[in-house]
Amino acid sequence: MKILITGGLGYIGSHVATLLLQNGVDVVVVDNLENSRIQVLDGITSITGSAPVFKKLDVGNETQMDELFTEHPDIEGVIHFAAYKSVGESVSEPLRYYKNNLGGLNQLLKHSINKTIPFIFSSSCTVYGQSENLPISEDEPLKPATSPYGNTKKIGEQIIQDCCKAHPDFSTILLRYFNPVGAHDSAKIGEYPVGVPQNLVPFLTQTVKGIRPVLKVFGSSYDTPDGTCIRDYIHVMDLAQAHVDSLNYLLNKQNSESCEVYNVGTGNGVSVLELIQMFENATGKKVSYELSEPRTGDTIAAYADVSKIEREIGWKARYSLEEALSSAWKWEEMLHKKLE
Ligand code: NAD
Ligand code: WQD
């Protein structure tokens with residue numbers, strides 16, 4: 001079986017590529033390397049003992065995509081990660097985000113629909129905004145997006161749903177990820193933020209490493225038990241397994257809905273201060289942090305109702321947050337050994 005992974009050298013895609021290769025699947029990875037490095041291929045190969053086929057290309061480029069599907073007429077599934085993901089950057093460069101995230105999706109859908117290839121899309125809990133209800137179920141009404149990035153996910157979902165209505169034999173799964181953290185147990189692949197990390201865990205590990213002087217905790221008087229924001233942090237290995245299980249489900253299912261939406265999280269809400277404490281317990285390292293002003297646009301609390309994916313796909317998060325944070329720290333240390 002041959003599966004196409006777009007953005008497969010990025011953070012989440014590289015972990016999915018690893019799991020699929022370990023399951024004996026032929027993997028074709030495409031990536032334009034705008035937010036990843038070619039060395040990730042070595043990491044994947046070193047973990048699995050086999051290399052994916054790799055092609056450097058832009059998924060929004062029609063000619064390159066036509067050539068890819070001609071070269072690989074036997075692709076049986078598509079997992080589409082390739083997109084820009086910085087919320088702040090999307091606010092200052094909206095056109096670049098709409099073009100890349102929706103143009104690439106358009107190309108992939110064209111080929112997947114033509115050949116009726118099952119399709120998995122990386123969506124995000126960002127589509128819920130600040131939900132009225134917690135935990136958040138897939139039925140929760142979506143809020144207007146607070147950034148062009150978030151809007152590309154909302155519009156992307158809508159485009160796919162419209163395609164499913166028009167082509168009832170085309171089957172897709174939209175996975176709404178909560179907050180992915182951590183790295184492969186081997187520390188041979190992980191998250192590689194370019195510039196100053198915007199997300200909590202890479203900023204925290206860089207602070208402990210001494211690259212950043214202090215971690216600012218954005219907001220400490222929210223209406224939460226300790227005043228800091230609450231999120232659902234999920235180990236990237238669990239998230240990767242959710243893709244493998246979703247793909248198997250799509251490939252084996254008969255006569256069910258052609259477009260399904262699933263939350264992927266742990267179901268546990270954890271505050272920023274709790275996460276810092278868990279990191280210190282898991283690694284024995286002290287985190288230098290200070291309470292600071294809230295960050296504009298942050299939702300106060302978001303964690304997933306994961307009963308639908310558990311019930312229908314049979315997937316459940318297995319790793320603890322302590323394990324995820326240990327792996328993030330191991331990766332941070334390994335990364336700097338490599339760069340030194
Ligand atoms: P990432 O930036 O590490 O990976 C994306 C990969 O896609 C990168 O390797 C990049 O070089 C590549 N890429 C971007 N545009 C491309 C293009 N036009 N053609 C070919 N390759 C291209 O991001 P990630 O964290 O692995 O996220 C993967 C997907 O999951 C994205 O769609 C993202 O929006 C979504 N997502 C991520 C998170 C998160 O917190 N990491 C949460 C929810 C959803
Ligand atoms: C987590 C918590 C911060 C950094 C973002 C995107 C979202 C999704 C995941 C893709 C929050 C706090 C953070 C810091 C802090 N991506 N924090 N100090 O905001 O839940 O979601 O990434 O779809 O679209 O918006 O994740 O990791 O940035 O923040 O106190 O230096 O950590 O305020 O409460 P977030 P995050």
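All values below were derived from every heavy atom in this structure, side-chain atoms included, with hydrogens, water molecules and symmetry-related copies excluded. In this chain, numbering begins with 1 at the start of the sequence shown. Read the numbers this way: they start at 1 and go in the same order the structure lists the ligands and their atoms.
Within 6.0 Å of NZ on Lys99 lie no more than 12 heavy atoms contributed by other residues, nucleotides or ligands. Other residues, nucleotides and ligands contribute at most 12 non-hydrogen atoms within 6.0 Å of the CD atom of Glu293.
Of all the heavy atoms in Tyr97 and Thr152, the pair that sits closest is O-CG2, 3.8 Å. Ser327 approaches Gly182 most closely through the heavy-atom pair OG-CA, 3.4 Å. Residues His235 and Ala183 approach most closely at CE1-O, 3.2 Å, considering heavy atoms.
In summary, of the residues considered (Tyr177, Phe121, Trp315), a ring-ring contact (aromatic ring centres under 6.0 Å, His included) with His243 occurs for Tyr177 alone. For the salt bridge (charged side-chain N to carboxylate O under 4.0 Å, His left out) criterion with Arg176, the lone passing option out of Glu138, Glu157, Glu140 is Glu157.
Partners of Asn61 according to the side-chain hydrogen bond (donor to acceptor under 3.5 Å, both in side chains) rule, which considers only residues two or more places apart in sequence or in another chain, do not exist here.
For ligand 1, the protein residues within 4.0 angstrom (heavy atoms only) are Gly7, Leu9, Gly10, Tyr11, Ile12, Asp31, Asn32, Leu33, Glu34, Asn35, Ser36, Leu57, Asp58, Val59, Phe81, Ala82, Ala83, Lys85, Asn100, Ser122, Ser123, Ser124, Tyr149, Lys153, Tyr177, Pro180.
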List ligand 2's nitrogen or oxygen atoms that come under 3.5 Å of a protein nitrogen or oxygen, with the partner atom and distance.
unit_1	atom_1	unit_2	atom_2	d
ligand 2	18 (N)	Lys216	O	2.7
ligand 2	19 (O)	Arg295	NH2	2.8
ligand 2	20 (O)	Asn179	ND2	2.9
ligand 2	20 (O)	Arg231	NE	2.5
ligand 2	22 (O)	Asn199	ND2	3.0
ligand 2	23 (O)	Ser124	OG	2.8
ligand 2	23 (O)	Tyr149	OH	2.6
ligand 2	26 (O)	Asn179	ND2	3.1
ligand 2	27 (O)	Asn199	ND2	3.2
ligand 2	27 (O)	Leu200	N	2.8
ligand 2	28 (O)	Gln198	O	3.4
ligand 2	28 (O)	Asn199	ND2	3.2
ligand 2	28 (O)	Arg295	NH1	3.4
ligand 2	28 (O)	Arg295	NH2	2.9
ligand 2	29 (O)	Arg295	NH2	3.4
ligand 2	30 (O)	Lys216	O	3.3
ligand 2	30 (O)	Phe218	N	2.9
ligand 2	33 (O)	Asp298	OD2	2.5

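For residues 38-53, the side chain to side chain donor-acceptor pair (under 3.5 Å) pairs, not counting sequence neighbours, are Ser46-Lys188.
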